[in-house]
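Here the structure is a predicted model, which is why all the values come from computation and not from measurement. The chains referred to below are lettered A, B, ... by the order of the sequence lines, with proteins before strands, and numbering in each begins at 1.
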2 protein chains.
Amino acid sequence: MSKQRIAILGAGPSGLAQLRAFEAARRAGVQDLPEIVCYEKQSDIGGMWNYTWRTGLDKNGEPVHGSMYRYLWSNGPKECLEFADYSFDEHFGRAIPSYPPRAVLKDYIMGRIDKQAISKYIRFECPVRWVSHDDSTGKFTVTVMNHQTGQQESSEFDYVVVATGHFSTPNMPYFEGVEQFPGRVLHAHDFRDALEFKDKNVLLVGASYSAEDIGSQCYKYGAKSVTISYRSNPIGFDWPQGMEEKPLLAHFEGNVGYFTDGSSKAFDAIIMCTGYLFHFPFLPDELRLQTHNCLYPDNLYKGVFFQSNPKLIYLGMQDQYFTFNMFDAQAWYARDVMLGKIALPEADERRQDMQHWLSHYAAQTGCNAAIDFQAGYIRDLNNATDYPEFAVEKQADLLKEWLLHKQENIMGFRENAYRSTVTGTMASKLPARWLDIKDDSLESFMSLDFAENKAFDKVD
Amino acid sequence: MSKQRIAILGAGPSGLAQLRAFEAARRAGVQDLPEIVCYEKQSDIGGMWNYTWRTGLDKNGEPVHGSMYRYLWSNGPKECLEFADYSFDEHFGRAIPSYPPRAVLKDYIMGRIDKQAISKYIRFECPVRWVSHDDSTGKFTVTVMNHQTGQQESSEFDYVVVATGHFSTPNMPYFEGVEQFPGRVLHAHDFRDALEFKDKNVLLVGASYSAEDIGSQCYKYGAKSVTISYRSNPIGFDWPQGMEEKPLLAHFEGNVGYFTDGSSKAFDAIIMCTGYLFHFPFLPDELRLQTHNCLYPDNLYKGVFFQSNPKLIYLGMQDQYFTFNMFDAQAWYARDVMLGKIALPEADERRQDMQHWLSHYAAQTGCNAAIDFQAGYIRDLNNATDYPEFAVEKQADLLKEWLLHKQENIMGFRENAYRSTVTGTMASKLPARWLDIKDDSLESFMSLDFAENKAFDKVD
């Protein structure tokens, strides 16, 4: 029998987790591993964590994947995304603060990747053009555009792992008059440098993480005013002077936005923080996941196996309290199914399992319950694999603390420190106010003095 | 025998020309016309002429087609793009100036389209996903995503007409340090409203139409300074105070651009006017035109029939002195081939014909010769069809005048008026300086007083 072939679409956090999962099996001595090809649109690994100055389309004319901006810091505690098989201590050799800037976090994520070991699997600058499934052979055909050669490539696979993310394709609503607005109108996906909005009156539309964080960025880097417009409920933090929330936009006249409470204000720029679309232009209808952003998309058994064709695997399609270690949990489980270590039940049984989770999910209310739900989901996956034990429930508790800390001080929550659930190390305190640390580079951040906390203040 | 089926990809100027060509045949009494389906990504006809406030990706997550900006006026005389079968006089009922704003020109282009007659052929919000050709049946299969239904559709066709344009996918070069530039970096494709750059120091990279026109727009709407960086040669116009040309960028440090002549300047924004890529993500290698922007792309017999499969037809892939009436010339010729009125010669003969034109093209030097070359190409097409006679050589002479008028006064060339080669009508003079007319709406422009010229000052 010829080797099984697996296509992984994307070499970002979830695709890399899948590669890492197979690499872990190889190191554990598993023989006859499948042949893996990972197709990546960008020219490097990292997915969303590859910051790019580009917006719109990339150098090959493909939609830019990244939604990262300069000066982005982790908006959740790093202790909640720590890999069980690669701790922050192992990577940095000392304690660092709980909310590192983008470059520092990326350094950590990439640190566990043996670039040499995995690079042979990855084909860069190869966006996927089309995937088809032949019901008679049971195989997928994946066609990619290899921009490095200028030629397309098609190949057959037994499994396809979709790891292309779902925070790349903007959802961009229309408001009457916006086409006449005499300034920049952009989606959060295209936001790059808050300094562009210094001394400006900025309107952010939306009330989720993007609005909250980009609004805070604009405030930090000198916007004249920041207005956040919500549809249903205000975010409700105790915003500093110069930031305010307003209800939904009704329309624009020139540079003036009119809101449903009858108020109005003139703006210099509009940033739509209105979320993302699930967008898989390379998948035919019968293989395409159709969902909104939630903690349990339907038709994915164990959150990953596409119900009507479980050899099609989707990673990371959930809304995310947990991120990297959830992708690991999914990737390890998916690996064990692909290796035949875990037998996939029949369709009916899979449907029952999904219904169980869906009704469990529907019964939850509030953020804390949602965090526990996702922790329970990860626990369920990890119980079935050899992924190193980690205290997902303790991480859930940290996430609940995080929510409280944001409520206490939205401009200062990143000054809190938490204890690693993996190593027990207490994070350093940020040595200055987040608002005052404006250089977000790896070098600059790592040269700050974290000493006061004494590194490796471990508990047993 | 079942009816032939033709797919037209795109309902912009060239796709509409193809629809119009068949409609003209129908009105002329031609029986048994083929069945036509036109797939359009946008939700309306007009292609590039559909101004959109959106940038990057559209409401369906598809790349935005339009590169149009607010305040765009025709940058060439309208007399050089007049349709032979639908004059400006017929549309407006009176003389108007030679360089109308976007909305006025669009009104004209759309005026000859019988929306009701053609709307039955067009499927809106249907970007093409994939085209394949079956060599055994000789048929194409076209698969589109119908965003109105959320489902894909596949259908077989005898001919495919690619009318998707080639000024939509940015060519975006990298310059060292640009990723650290603390302001907006955009491609001309994403430029929308010059008012965003009021009181700013703007750098434009490139020395072709986009740089020249967007630079002029920024100047007109109050940029503090406009700097144009060229690679090979300066554009060389007599720029007003506040605009200057510099040689190629070497790199950036912070907000300062360094040029190869050793000079440097601080900027607030960078607009890359660096051209476009030919981008056909829906075509397999063997059907995909590969060319750069020039007056005679190789492998297109008569500029339209793809050499290795002439049932695949490309419209408007040339660089353009002539535009709308060149698309007409191509569409009428392509129609007559599809209807069997013109027999396509064998591959060898087509190759010889292309070689003739290619060597003719290679022997040309200078803009005037290039204009004559394209006029000759159009003449060659029109001689073979029943497209109404128009004086393409006289239009070529107008284009040469246009070049001189730009040289004389780049900020005032739009104040010149030319005589229609179709009706003999002399255009009105612009009643004020172009720099002083800042409202570009159809209503505002058409309410200007053009009377001084006396409408319909015809010659016989």
Side-chain angles (χ1 to χ4, degrees), chain A residues 51-64 70 127 129-130 132 143 145 150-154 168-174 178-187 189-190 192-198 221 255 268-269 276-286 288 290 441, chain B residues 51-64 70 127 129-130 132 143 145 150-154 168-174 178-187 189-190 192-198 221 255 268-269 276-286 288 290 441:
Chain A
Y51 171 79
T52 177
W53 58 280
R54 295 174 188 272
T55 56
L57 302 176
D58 70 14
K59 66 172 179 174
N60 294 317
E62 307 294 333
V64 165
R70 294 184 73 185
R129 284 283 183 262
W130 197 243
S132 60
T143 300
M145 177 72 208
Q151 298 197 308
Q152 290 161 356
E153 298 171 12
S154 283
S168 285
T169 305
N171 174 54
M172 191 81 160
Y174 170 75
V178 72
E179 68 276 21
Q180 299 288 335
F181 182 81
R184 187 172 180 199
V185 184
L186 68 154
H187 189 274
H189 174 62
D190 289 339
R192 289 294 178 271
D193 192 323
L195 286 172
E196 181 185 336
F197 305 100
K198 191 165 182 294
Y221 288 89
N255 69 340
D268 299 303
Y276 292 89
L277 302 172
F278 285 74
H279 190 66
F280 308 103
F282 48 83
L283 288 175
D285 287 350
E286 65 275 16
R288 200 168 64 247
Q290 306 207 37
S441 68
Chain B
Y51 172 79
T52 175
W53 57 280
R54 295 175 187 271
T55 57
L57 302 176
D58 71 13
K59 68 174 178 172
N60 293 317
E62 308 294 332
V64 165
R70 293 185 73 184
R129 284 284 182 262
W130 198 243
S132 61
T143 300
M145 178 71 207
Q151 297 198 309
Q152 291 160 356
E153 298 172 12
S154 284
S168 283
T169 305
N171 173 53
M172 190 81 160
Y174 170 75
V178 71
E179 68 274 23
Q180 299 289 334
F181 182 81
R184 189 174 179 197
V185 183
L186 68 154
H187 189 275
H189 174 63
D190 288 340
R192 289 292 177 272
D193 192 323
L195 286 172
E196 182 186 334
F197 304 101
K198 191 165 183 292
Y221 288 90
N255 69 339
D268 299 304
Y276 291 89
L277 302 171
F278 284 74
H279 191 65
F280 306 103
F282 48 84
L283 288 175
D285 287 350
E286 65 276 14
R288 199 167 65 246
Q290 306 208 35
S441 67

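- Both the backbone and the side chain of B:Asp285 have a heavy atom closer than 4.5 Å to some heavy atom of chain A.
- Between chain A and the options B:Ser168, B:Pro182, B:Pro170, B:Gly150, heavy-atom pairs under 4.5 Å are most frequent for B:Pro182.
- Heavy-atom pairs under 4.5 Å with chain A were tallied for B:Val178, B:Leu277, B:Leu186; the largest tally goes to B:Val178.
- Interface check for chain B: of the options A:Gly183, A:Pro63, A:Pro281, the most heavy-atom pairs under 4.5 Å are formed by A:Pro281.
- Under the 4.5 Å side-chain criterion, counting only non-hydrogen atoms from C-beta, B:Tyr174 is not in contact with A:Lys59.
- Counting heavy-atom pairs closer than 4.5 Å to chain A, the top residue among B:Glu62, B:Glu179, B:Gln290 is B:Glu179.
- Of the inter-residue distances, the one linking B:Thr55 atom OG1 with A:Leu57 atom CG reads 10.0 Å to the nearest 0.5 angstrom.
- Neither the backbone nor the side chain of A:Asn255 comes within less than 4.5 Å of any heavy atom of chain B.
- When all heavy atoms of B:Phe181 and A:Asp193 are compared, the pair lying nearest together is O-OD2, 3.5 Å.
- Both the backbone and the side chain of A:Pro284 come within less than 4.5 Å of a heavy atom of chain B.
- Here the side chain of B:Gln152 pairs a donor or acceptor atom with the backbone of A:Leu283 at under 3.5 angstrom.
- Proximity to chain A is absent for every atom of B:Ser154, based on heavy atoms less than 4.5 angstrom apart.
- Contacts between B:Met145 and chain A at a heavy-atom distance below 4.5 Å involve the side chain alone, from C-beta outward.
- In this structure, the side chain of B:Arg192 does not engage the main chain of A:Arg184 through any donor-acceptor pair within 3.5 Å.
- Here the CZ-CZ distance, from B:Arg129 to A:Phe282, works out to 10.5 Å after rounding to the nearest 0.5 Å.
- Put simply, of B:His279, B:His187, B:His189, B:Lys198, the one with the most heavy-atom pairs under 4.5 Å next to chain A is B:His279.
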